[in-house]
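To start, the structure itself, in structure tokens.
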Amino acid sequence: MTETSCNTNRLDDVGKSARALVYYDIFALPAPPSSPIVRRYRDLRLAALQTDPESFGSTYAREVNFSEKEWRDRLGQNHRATFVARLRAADKKGCGESGGSGEDGKPGGNAENSGRDEDIPWVATVSVIAARALPESATPAFVDRRTAYFVVGMWVDPGHRRKGIARMLLEAGWAWIAEDIGKAQEDGVASHGRDDGVEAFLTVAAENKAAEELYKGFGFDLVSAERKDFKEGDGKVWMRRRL
């Protein structure tokens, strides 16, 4: 599945003298991914770990040593989707020339071409994983494994923040969840769960109130009003959004 979107909220400099609107493509990485896609995702993920190490449960020192197979296995995991935001410049008439545009004016492009085009920056990413695809030991007791999903690895390059990219990434994730849970229920793999509700979960650092408020703006709430009740040993708190 490929999701695309435009962001036209502000003007940015493109090149040394050009003045143009800045747009972003949001797309799902293919599974299994090609080698160019693996390399580009690796670079994006490592940049995230270096830039904002406190935001992740892993470290640059750990993941910089991953083999291509390890990166490929991560991206090809069952019931997981990884989304990326790609920068693209466009004039005011539409969504630019890079990759073409659809009849509705939204940008075209696809992940494979993006993986090969090293000149077009990838600036953000997020992954969504079904709880049922993970070991039971990896999911908290308050999570209904049949209908829960985890949002992980959210990162936006500092130079592209406050432009709506995180929201666009999450919206692409919600669309994928709707497809995944629908297929799972048709196949009898997932039931409707408690209260017939599908939920998305994520964690934020307990001291990172800015991130907490950001996700509240995206419809997330703390799992418990008492923050200490669901604080992990590493100082993170759980947040939940009903879909």
Side-chain angles (χ1 to χ4, degrees), residues 1-5 24-34 36-60 62-64 66 68-86 110-112 114-115 122-135 138-140 143 145 147-157 160-161 165-181 183-184 198-205 211 214-215 218-220 236 238-241 243:
M1 179 185 72
T2 299
E3 295 288 338
T4 57
S5 188
Y24 300 92
D25 287 336
I26 308 296
F27 54 87
L29 298 186
S34 65
I37 291 290
V38 170
R39 289 193 293 270
R40 294 214 64 183
Y41 175 75
R42 173 187 182 275
D43 291 346
L44 183 64
R45 171 69 175 178
L46 293 179
L49 292 171
Q50 283 187 304
T51 304
D52 297 288
E54 70 284 351
S55 298
F56 301 97
S58 186
T59 65
Y60 175 86
R62 173 176 176 264
E63 297 195 14
V64 73
F66 281 4
E68 180 170 327
K69 181 180 183 303
E70 288 174 295
W71 290 108
R72 191 183 304 279
D73 289 346
R74 171 182 287 188
L75 293 175
Q77 182 180 357
N78 288 334
H79 304 293
R80 170 184 178 132
T82 295
F83 298 90
V84 164
R86 182 188 70 173
N110 59 66
E112 289 299 333
S114 299
W122 287 11
V123 299
T125 184
V126 72
S127 294
V128 182
I129 308 171
R132 66 185 182 279
L134 300 175
T139 57
V143 169
R145 288 172 48 81
T147 55
Y149 289 79
F150 296 113
V151 176
V152 298
M154 170 69 83
W155 186 74
V156 179
D157 183 284
H160 298 271
R161 292 174 185 174
I165 298 176
R167 184 179 297 277
M168 290 191 289
L169 287 169
L170 289 174
E171 288 175 352
W174 305 156
W176 177 83
I177 287 174
E179 292 182 6
D180 187 70
I181 195 69
K183 292 176 182 176
V198 178
E199 297 178 314
F201 291 86
L202 54 78
T203 61
V204 298
L214 174 70
Y215 285 114
F218 296 150
F220 284 86
K236 294 186 181 296
W238 284 92
M239 301 188 75
R240 164 176 54 200
R241 185 186 192 276
L243 303 176

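Keep in mind the model is a prediction, meaning the values are calculated, not measured.
- Remark: Asn78 CG to Ile129 CD1 distance equals 11.5 Å, nearest 0.5 Å.
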- Task: Test side-chain contact (heavy atoms from CB on, under 4.5 Å) on Arg74 and Glu63 and set out the steps.
- Result: CA-CA 12 Å; Arg74 171 182 287 188; Glu63 297 195 14; 3.2 Å; yes
- Stepwise, does the side-chain contact (heavy atoms from CB on, under 4.5 Å) test hold for Arg62 with Leu49? CA-CA 10 Å; Arg62 173 176 176 264; Leu49 292 171; over 6 Å; no
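- With rounding to the nearest 0.5 angstrom, the CG atom of Leu46 is 10.0 Å from the OG1 atom of Thr59.
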- Test Arg132 against Ile181 for side-chain contact (heavy atoms from CB on, under 4.5 Å), laying out the working first. CA-CA 11 Å; Arg132 66 185 182 279; Ile181 195 69; 4.1 Å; yes
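- A heavy-atom distance below 4.5 Å is not found between the side chains of Val152 and Met154.
- Using a 4.5 Å cut-off on side-chain heavy atoms (C-beta onward), Trp71 and Ile37 make no contact.
- Here the closest heavy-atom approach between residue His79 and residue Ala133 is recorded as CB-CB, 3.9 Å.
- A salt bridge is absent between Arg39 and Asp43: the closest approach of a Lys/Arg side-chain nitrogen to an acidic carboxylate oxygen does not fall below 4.0 angstrom.
- A 4.5 Å side-chain heavy-atom check between Asp180 and Tyr149 finds at least one atom pair inside the cut-off.
- The two residues Gly76 and Ala31 have their closest heavy-atom pair at CA-CB, 4.1 Å.
- Side chains of Tyr60 and Arg45: a donor-acceptor N/O pair is absent below 3.5 angstrom, by distance only.
- Ring geometry for Phe220 versus Tyr215: interplanar angle over 60°, hence perpendicular rather than tilted (30 to 60°).
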- Message: Apply side-chain contact (heavy atoms from CB on, under 4.5 Å) to residues Trp176 and Thr82 and explain how you reach the verdict.
- Response: CA-CA 10 Å; Trp176 177 83; Thr82 295; over 6 Å; no
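- Looking only at distances, a side-chain donor or acceptor of Arg145 sits under 3.5 Å from a matching main-chain atom of Leu134.
- To the nearest 0.5 Å, the span separating CG on Asp52 from CG on Asp157 amounts to 9.5 Å.
- Between Leu44 and Ala124, the shortest heavy-atom distance links the atoms CD2-O, 3.6 Å.
- With hydrogens and angles disregarded, a donor-acceptor distance shorter than 3.5 Å links the side chain of Arg72 to the backbone of Pro33.
- A centroid separation of less than 6.0 Å is found between the aromatic rings of Phe27 and Trp122.
- One distance of note links CD of Glu70 with CG of Asp73; it measures 8.0 Å at 0.5 Å rounding.
- The backbone N or O of Phe218 sits less than 3.5 Å from a side-chain atom of Arg241, completing a donor-acceptor pair.
- Under the side chain to side chain contact (heavy atoms under 4.5 Å, CB included) rule, Phe150 has a single partner from Leu202, Val143, Thr203, which is Val143.
- Shown here for Leu243 and Ala200, the closest heavy-atom pair between the two residues is CD1-CB, 4.2 Å.
- Rounded to the nearest 0.5 angstrom, Phe83 CZ and Leu169 CG are separated by 8.5 Å.
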